[in-house]
Trainee: 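Let me begin by handing over the structure; questions about it come next.
Predicted, not measured: the structure shown is a model, and the values here were computed from it.
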Amino acid sequence: MIQIFQIIEEASRGSKFYNHKKQRQEKIDERIRRMLELKDSFTPEQITRAEAQMDALTAQLEQSRDLSRFIVHVDMDAFYAAVEMRDRPELRDVPMAVGSNSMLSTSNYAARKFGVRAAMPGFIGRKLCPQLVIVPCDFEKYRAASQLVQQVMARYDPDFSMVSLDEGYLDITDRVATEMDGDTGDQTEDEVAQRLVGEMRAEICRLTRLTASAGIAANGMLAKICSDQNKPDGQFFLPRERPAVLDFLRELPVRKVSGIGNVLSQQLAALEVTRCGELLERRGLVRLLFSECTQLSLMRAGLGADPPGVGRDEDSHQKSVSTETTFAATADSAQLSELLGELCQQLSEDLRRKGLRGRTVTLKLKTSSFVVRSRATTLAEPTSTAAALLAATRPALARELSAGEPLRLLGVRASALVAAEGAAGPRQATLTEMTGRAAAPRHECPVCGRTAGSLAELSAHVERCLDGEAGGGGEQNGGPVGGQKRPPAPHSGLPRTKHKRIDSFFTAVKRS
DNA sequence: TACATACAC
DNA sequence: AATGGTGTATGTA
C-alpha cells in the first residue's frame with residue numbers, strides 16, 4: 001500500500017498545489033527545528049519545575065473531572081456515499097465516491113481499499129482506482145436523510161446538537177435514569193446506556209436504511225473518539241471511570257483527538273509524543289513549548305478530562321458570514337471585479353436572510369500559486385448592502401491586482417456582526433436555516449410509507465410508527481396518516497439554500 | 001484591529 | 001490539466 005502514496009505523489013508532483021504544499025511543509029519543519037533548539041536549551045531543573053506546574057494544572061483538571069454524564073457521539077457511516085448507494089443499488093458493490101473531478105466529499109468502503117478518500121480530488125481518485133464511479137453531490141437528499149436521523153436522536157435527547165449533517169452529540173443521562181426507574185431486569189446503568197444507543201442506531205437504520213456508529217463516554221471529546229472505534233455500523237462504550245479512561249487514552253494516537261491536526265501532531269511527534277499517554281509523561285516540555293491554551297487542551301487530551309456539555313451554550317452567536325469561490329486562475333481585472341460584485345451581492349443576501357449586518361468586511365484571495373491573503377476594512381457603520389461591501393473590498397482587490405499575479409479564488413466575509421434593524425439579534429442560526437428543509441413534498445413515512453398532511457403530523461406519526469403503535473403493522477402502504485383525504489400541498493415556498501455549496505455545513509448549532 | 005495559521009467537516 | 005467552501009479559534013503584531 002506504499003503504492004498509494006507513490007501514485008498520489010506521481011499525480012501531484014510539479015503542480016502548483018504540490019509546490020505550495022511543499023513550501024508550507026518546509027515552514028513547518030523550520031518551526032519544528034526552532035522548537036527543538038529551544039528544547040535542547042532547557043536545563044533539567046527548568047523541566048522539573050515545568051512538570052510541577054503542570055501537575056498543578058492536572059490536579060485542577062482532576063478536580064473538575066465530571067464522570068456523571070452519558071454523552072453519545074453519533075456518526076453516520078460514509079454518509080453521502082451511503083445515501084447514494086441506498087438509492088442506486090447498482091452502486092452497492094463498486095468503488096464509488098461522492099463529489100467531482102476536483103474534489104471528493106466521501107468515498108465508500110470499497111473505494112477506500114484503493115486509497116480513495118474524502119478531500120481528495122476526483123482525478124487522483126481515478127488514478128488510484130480507474131473503475132471509480134464519481135457521483136455528484138445531492139444535498140437535498142442528504143438533508144432529508146439527516147432530518148430523519150435527527151428525528152430519532154430527538155427521542156433520546158431533545159437537546160441533542162448536530163455538528164454537521166452526519167454527526168451529532170446527545171446527553172442521554174436523563175433518558176438512562178428514566179429507564180432505570182422502570183423495569184430493566186438486572187441491567188446496570190452502563191448496560192442500559194449501551195442498549196439505548198443500540199436501539200437508537202437500529203431506529204436510525206430502520207428509518208433511513210443507513211448505518212450509524214456511536215461512542216458512549218463521559219464527555220464529548222471521548223465519545224467522539226469512541227464512535228470511531230467500531231466503525232462502520234458499530235458502537236463503543238468507554239466506562240465512566242478514571243482508570244478506564246486513562247487506560248484507553250494511554251496508547252491512543254494523539255491525532256485521533258479532535259483539535260490535534262496535521263501541524264500539532266507533527267510538532268508533538270518531534271517531541272516523541274505520538275500517544276495521548278505520552279502527553280502526560282512529557283508534560284514539562286508541553287508546558288515549556290506551547291501556548292497556555294494549547295497546554296490546557298493537550299492535558300485534557302491526556303487525561304480525558306473535558307467538560308461534558310454537548311455544545312449547548314445559550315448565548316453564543318454567529319461570528320461571521322462569508323462566501324467564496326474558486327475559478328480558473330486569471331489576472332483580468334474586469335473579470336475579477338465583476339466576480340467580486342457578484343460575491344458581494346451573494347453575501348448581502350446571506351446577511352439579510354440571517355438578519356445581520358457586519359462592521360468588518362474582509363476580502364480573501366488566493367493566488368494561482370495557492371498563497372492565501374486577506375484584507376480587512378472596518379466600517380463606521382455595520383452594513384448588509386452589496387454596494388457597501390463592494391466599496392469596502394474593491395480598492396483592496398485593485399491593490400492586490402497590481403502585483404500582477406493571477407488569482408484562483410475570491411471571497412468576501414462580514415464579521416463584527418450585529419442584529420439588523422428590527423431583527424431578533426445576533427444569534428446562532430437554527431438548524432433549519434442552515435440545513436434547509438427536508439425535501440419531501442408528499443410527507444411520506446419512511447417506516448410504513450403512508451402519507452401525512454403536514455410535517456408536524458408526519459413527525460408525530462413517525463414517532464408512533466417507531467414505537468410500533470401505528471396501525472400495528474397490518475395495514476397496507478399508501479393510506480394517508482391522520483385521516484387526511486388528500487395528499488398535502490407540495491410545500492410552502494420557503495427559501496431554499498441554494499446548493500452551489502460543496503461542503504459547508506458547519507452546523508455546530510443548538511436546535512431552537 | 002489586521003493578518004496569518006490551524007482545525008473541523 | 002487538474003486540489004472546495006463555511007465557520008471558529010488562536011497567536012502575534
Trainee: Side-chain contact test, heavy atoms from C-beta onward, threshold under 4.5 Å: evaluate it for A:L340 versus A:L363 and give yes or no.
Mentor: yes
Trainee: Once you apply a heavy-atom cut-off of 4.0 Å, does A:L409 come out as touching a base, just sugar-phosphate, or nothing?
Mentor: sugar-phosphate
Trainee: Quick check on the 6.0 Å ring-centre criterion: do A:Y156 and A:F70 meet it?
Mentor: no
Trainee: Check whether A:Q345 reaches the backbone of A:G341 with its side chain - one donor and one acceptor, N or O, closer than 3.5 Å.
Mentor: no
Trainee: From C:dT8, C:dG7, C:dG5, pick the nucleotide closest to the side chain of A:K319?
Mentor: C:dT8
Trainee: I want to verify a distance call: between C:dG4, C:dA2, B:dC9, whose nearest atom is closest to the A:F123 side chain?
Mentor: C:dA2
Trainee: Would one find a side-chain N or O of A:S322 under 4.0 angstrom from OP1 or OP2 of C:dG7?
Mentor: yes
Trainee: List in numerical order all residues of residues 2-17 of chain A for which some heavy atom is under 4.0 Å away from an atom belonging to DNA chain B.
Mentor: none
Trainee: Please list, pair by pair, any protein nitrogen or oxygen found under 3.5 Å from a nitrogen or oxygen in nucleotides 10-13 of chain C.
Mentor:
unit_1: C:dG11; atom_1: OP1; unit_2: A:S291; atom_2: OG; d: 2.2

Trainee: Touch check for A:D166, heavy atoms < 4.0 angstrom, all strands: base, sugar-phosphate only, or nothing?
Mentor: sugar-phosphate
Trainee: When you measure from the side-chain N and O atoms of A:T323 to the phosphate of C:dT6, is any distance below 4.0 Å, counting only OP1 and OP2?
Mentor: yes
Trainee: Below 3.5 Å is the cut-off: list the nitrogen or oxygen pairs between protein and nucleotides 2-6 of chain B, distance only.
Mentor:
unit_1: B:dA2; atom_1: OP1; unit_2: A:T378; atom_2: N; d: 3.4
unit_1: B:dA2; atom_1: OP2; unit_2: A:T378; atom_2: OG1; d: 2.6
unit_1: B:dC3; atom_1: OP2; unit_2: A:A376; atom_2: N; d: 2.4
unit_1: B:dA4; atom_1: OP2; unit_2: A:S374; atom_2: N; d: 2.8
unit_1: B:dA4; atom_1: OP2; unit_2: A:S374; atom_2: OG; d: 3.3
unit_1: B:dT5; atom_1: OP1; unit_2: A:K27; atom_2: NZ; d: 3.0
unit_1: B:dA6; atom_1: OP1; unit_2: A:R31; atom_2: NH1; d: 2.7

Trainee: Is it possible for you to check whether A:R112 lies under 6.0 Å from the centre of the six-membered ring of A:Y109, through NZ or CZ, and within 45° of that ring's axis?
Mentor: yes
Trainee: Below 4.0 angstrom from OP1 or OP2 of B:dA8, is there any side-chain N or O of A:R255?
Mentor: yes
